Each structure stands twice: as C-alpha cells, then as structure tokens.
Enquirer: 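Input: one structure, supplied below.
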Amino acid sequence: MRPSVGAVTGTAPERERGRVVVFKKMMGALGVGGPKVDTVLAVPRCRPGEELAGEVRVTAADYAVEVQRVTLGLVTRMEIEHEEGESGGVVEFHRADVAGPFRLEAKEDRVIPFRLPVPWETPITEVYGQPLHGMAMGVRTELAVAKAVDKGDLDPVAVVPLPSQERVLEGFERAGLTFKGADVEHGHIHGLTQELPFYQEIEFYPPPAYAGRINEVELTFVADPGGLAVVLEADKRSGLFGSSDQILSVRLDHGQAAATDWAAEVTGWLDALTGGHFGFPAAGAHGHYGEHGHYGGHDGHHDGHGHRRGPGWGGVAAGAAAGVAVGVAGGMVAGEVMEEIFEDDEED
C-alpha cells in the first residue's frame, strides 16, 4: 500500500521523530516554542539624560531561528485632548536596537549587554523615593524573528529629578504648595524647543492663603544638557464663575536653577497674580509670561489645545487609574503591554 501524501515513513522511532519535527515547525509558525526575552536592568532608576544599563537574556527556542534585531523602547502613559474630550494611551517615545541580525541555534541561550540613553525631557516618575501619582514608565523589549515582533518583556523604571529640578520641587514644598497629581500631555509648549511629542504637568494645590483665588498650579520642566526651562501655570479665578490661566516661563542653566530660591520666586509670583500684576522671572533667567492664549501657552493645549523624602511629599505614592490605549499614529501601543507596570499602581 502506497503511503498517503504528507505521511511520515520509516521505522516507528523515525516516524515519531519526524512527527516531533513537523509539530515543532507548525508550533514555530504559530510563535509557540520560539525564543523568549527577559531584560534585567542593573539599576531600574535613573535621571533624565543618564543611561539605563543592563542585559537582554534571550532564551533558546526548540529550533534554530534567525533573529533580525533586539530593540529596547521607553514607554509611558500619555493624555491626548481632542474634540470629544480627553483619552489616555501608552506611547513609546524612545527606542534603540541593542542587537542586529544573528542566528540563534536550537537550545542556545544568549546574553546581550546594553546601555540605553534616556532623553533629557523624560518625565519624572519618582520624588524623594515616592512614586508620582499618575505616572508610570517602562522599558519594553522587542525580539524580531522572521518578520514577527515579540513584545515579550516590559520592565518598570523610576525616573528621579535632576538636581536642578529637585531644587524647584523643594521650593514648591517650602512655599506651601501640596502635590496633587501628574500626567503627560500630548503637544508642545509655545516658545520652547522640544524633542519629545509631549510634556509633563506636575499639579499642585495652592497654599491655603491663596484658596478661593488660585485653583491649581501646574509645573512643567523641559530639560536639555545646557539648562532647564521651568513653566508655571496658575488657574486663577477671575470672577464669580470664571477662571483664567496665568503662565510664567523661564529658562536657566542647571547651576542657576539649583541656586535659585524657588520658594521666594513662586510665592512672589502668586502674590503678584492675586494682586493683579505679573511676577518677574528669576535673576539671570530668560522668560516670558502672559494670560491664557497669549504668551506662555502650550501648543495643542493652552493655545488651542537621590532618594530623600520631604515632609510635603508624603501623599505622592498613590495609585493612578490606567489610561485606555487608543490607536493614534506616532507610537501608541496596546494597553495590555503596560499591565505589568500599571498593575500595582491600579491596586493602590
């Protein structure tokens, strides 16, 4: 009797081995039994402008594969304003290949060391050892094999302030402002040069002395190797039911920012706002200020749109509701990709 087409012939052991090979090939085509990746960070904490070091551990497949690349990407949650309101999603804002094409033999493991630069504009996620409510950051690892990309690993990362940024935050605390929350907004700040497609807003309740006159104060940093832009926005009540945004933007080098008495600057600015006048930028700074829609607006928003704990930051560590990923061009990724990072954040 002639064997049917596709049948495995030979002795019983040979037929069994043949079936195993066919099964593995079929499972491999489905992505089962393929190589896996696990990224291990030497220190899962950094400042903007620094590097994250570690290694990507590739676990062998049951069969030989041709790996096209291994890529690391930094991802965070971002809010996007549109006509229907606001929606949240996850965006990859920086990526780099840490390995090019190579052949991974069956049962062969490989370790790939790396150093991943972190952009200077990367949002802060931790202050004085406490996570910022509303913020999450992670390193996503991609393994590309035979035109298929396995987004198989995601590791949380804490981003702590630069010394110049920490000085500003200390000044807010000493001025009596209370941390409220933080988020990342899609868009660009008018008058400033940005490399990333978003900016971070750190929100504060005003000191009790300004209650009823100032609703909220928002702080944004835009850092680069040469210095730091500090953008302050106050939601000022302008009438019985109305309010207006008052904005101050100053640019200093990192040394100037670290030497500035930010408590005095912020207090003077709030006093001037509630007294009907605008405050002045810090000594040595280059800045501008204005009302909503005039000088200091954020494009797409206002124009239309290390581990020391301070006493005023005790309420920082609180869970934030996870955003729902949306399909937006420019790097939005599926919501489940960030579940590992957001899991504890949501439970809190």
Side-chain angles (χ1 to χ4, degrees), residues 37-57 69-78 89-99 112-132 134-142 151 153-169 182-186 188-189 192-202 219-231 253-255 257-258 306-308 316 330-333 337-338 340-342 345:
V37 291
D38 178 34
T39 296
V40 179
L41 297 171
V43 179
R45 177 177 281 102
C46 67
R47 287 182 171 131
E50 294 182 344
E51 293 181 323
L52 286 169
E55 58 186 30
V56 177
R57 299 171 182 175
R69 59 179 172 79
V70 179
T71 303
L72 297 179
L74 288 174
V75 294
T76 191
R77 183 190 296 121
M78 182 176 71
V90 177
V91 63
E92 179 184 87
F93 62 92
H94 180 63
R95 63 190 283 116
D97 291 343
V98 296
I112 304 168
F114 68 84
R115 301 187 72 87
L116 178 67
V118 176
W120 282 87
E121 296 174 20
T122 300
I124 297 165
T125 68
E126 182 181 295
V127 179
Y128 303 134
Q130 299 293 333
L132 287 185
M135 295 302 304
M137 187 77 59
V139 174
R140 185 183 65 183
T141 307
E142 294 181 357
K151 298 180 175 68
D153 192 33
L154 184 66
D155 298 271
V157 173
V159 182
V160 301
L162 296 163
S164 53
Q165 294 171 327
E166 188 171 290
R167 179 67 172 174
V168 178
L169 294 169
D183 65 5
V184 172
E185 299 280 346
H186 179 262
H188 287 80
I189 301 174
L192 296 180
T193 300
Q194 289 175 240
E195 294 183 357
L196 299 183
F198 55 67
Y199 54 90
Q200 181 181 31
E201 288 185 341
I202 306 174
L219 168 65
T220 294
F221 295 120
V222 179
D224 59 44
L228 180 69
V230 180
V231 182
D253 64 37
H254 291 289
H307 312 296
R308 176 171 53 86
V316 168
M332 300 302 288
V333 297
V337 174
M338 287 295 279
E340 293 178 36
I341 291 181
F342 291 170
D345 200 28

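On a predicted model such as this, the values are computed, not experimentally measured, just so you know.
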Enquirer: Going by the rule salt bridge (Lys or Arg N to Asp or Glu O under 4.0 Å), which residues pair with R69 if we only count those two or more places apart in sequence or in a different chain?
Expert: E142
Enquirer: Please confirm whether the backbone N or O of G134 pairs with a side-chain atom of R77, one donor and one acceptor, at under 3.5 Å?
Expert: yes
Enquirer: Are R95 and R140 close enough that some pair of their side-chain heavy atoms sits under 4.5 Å apart?
Expert: yes
Enquirer: How about L169 and L219: do any of their side-chain heavy atoms sit closer than 4.5 Å?
Expert: yes
Enquirer: Report the residues that fulfil side-chain hydrogen bond (donor to acceptor under 3.5 Å, both in side chains) with E55, sequence neighbours left out, ordered by chain and then residue number.
Expert: R57
Enquirer: Would you please name every residue forming a ring pair (Phe, Tyr, Trp, His ring centres under 6.0 Å) with F114, sequence neighbours left out?
Expert: none
Enquirer: Compare every heavy atom of A182 with every heavy atom of I202, then report the nearest pair and how far apart it is.
Expert: CA-CB, 4.2 Å
Enquirer: Would you name the heavy atoms of Y199 and H186 that are closest together and state the gap between them?
Expert: CE2-O, 4.2 Å
Enquirer: Between the side chain of E121 and the main-chain N/O of L196, is any donor-acceptor distance below 3.5 Å?
Expert: yes
Enquirer: Could you tell me which residues satisfy side chain to side chain contact (heavy atoms under 4.5 Å, CB included) with P48, sequence neighbours excluded, listed by chain and number?
Expert: V159, L162, Q165
Enquirer: Any idea which heavy atoms bring R115 and A53 closest together, and the distance?
Expert: NH1-CB, 3.8 Å
Enquirer: For D97, enumerate each residue passing the side-chain hydrogen bond (donor to acceptor under 3.5 Å, both in side chains) test, keeping only those at least two apart in sequence or located in another chain.
Expert: T71
Enquirer: Restricting to side-chain hydrogen bond (donor to acceptor under 3.5 Å, both in side chains), what partner residues turn up for E195, sequence neighbours left out?
Expert: none
Enquirer: Kindly write out the residues that satisfy side chain to side chain contact (heavy atoms under 4.5 Å, CB included) with A258, not counting sequence neighbours, or none if the list is empty.
Expert: none
Enquirer: Only one of T125, L132, T122 clears side chain to side chain contact (heavy atoms under 4.5 Å, CB included) with Q200; which?
Expert: L132
Enquirer: State, yes or no, whether a side-chain contact exists between P123 and F198 at a heavy-atom distance under 4.5 Å.
Expert: yes
Enquirer: Could you list the residues that satisfy ring pair (Phe, Tyr, Trp, His ring centres under 6.0 Å) with H254, not counting sequence neighbours?
Expert: W120
Enquirer: If you look at every heavy atom in A158 and E126, which pair is closest and at what distance?
Expert: CB-OE1, 3.4 Å
Enquirer: Ignoring hydrogens and angles, tell me if any N or O in the side chain of R47 forms a donor-acceptor pair with the backbone of P161 under 3.5 Å.
Expert: yes
Enquirer: Do the side chains of V184 and V91 get nearer than 4.5 Å, heavy atoms only?
Expert: no
Enquirer: Could you pull out the closest heavy-atom pair between P156 and L41, with the gap in Å?
Expert: O-CD1, 4.1 Å
Enquirer: If we check side chain to side chain contact (heavy atoms under 4.5 Å, CB included) with T39, which of these qualifies: V70, L116, D155, L52?
Expert: D155
Enquirer: I need the E185 CD to D183 CG distance, nearest 0.5 Å.
Expert: 4.5 Å
Enquirer: Going through the distances and angles, do V75 and F93 end up as a side-chain contact (heavy atoms from CB on, under 4.5 Å)?
Expert: CA-CA 6 Å; V75 294; F93 62 92; 5.8 Å; no
Enquirer: Would you say V40 and D38 make side-chain contact, with heavy atoms under 4.5 Å?
Expert: yes
Enquirer: Working note: V90 + T76, criterion side-chain contact (heavy atoms from CB on, under 4.5 Å); need CA distance, chi angles, decisive distance, verdict.
Expert: CA-CA 6 Å; V90 177; T76 191; over 6 Å; no
Enquirer: Any heavy-atom pair between the side chains of I124 and M135 that's under 4.5 Å?
Expert: no
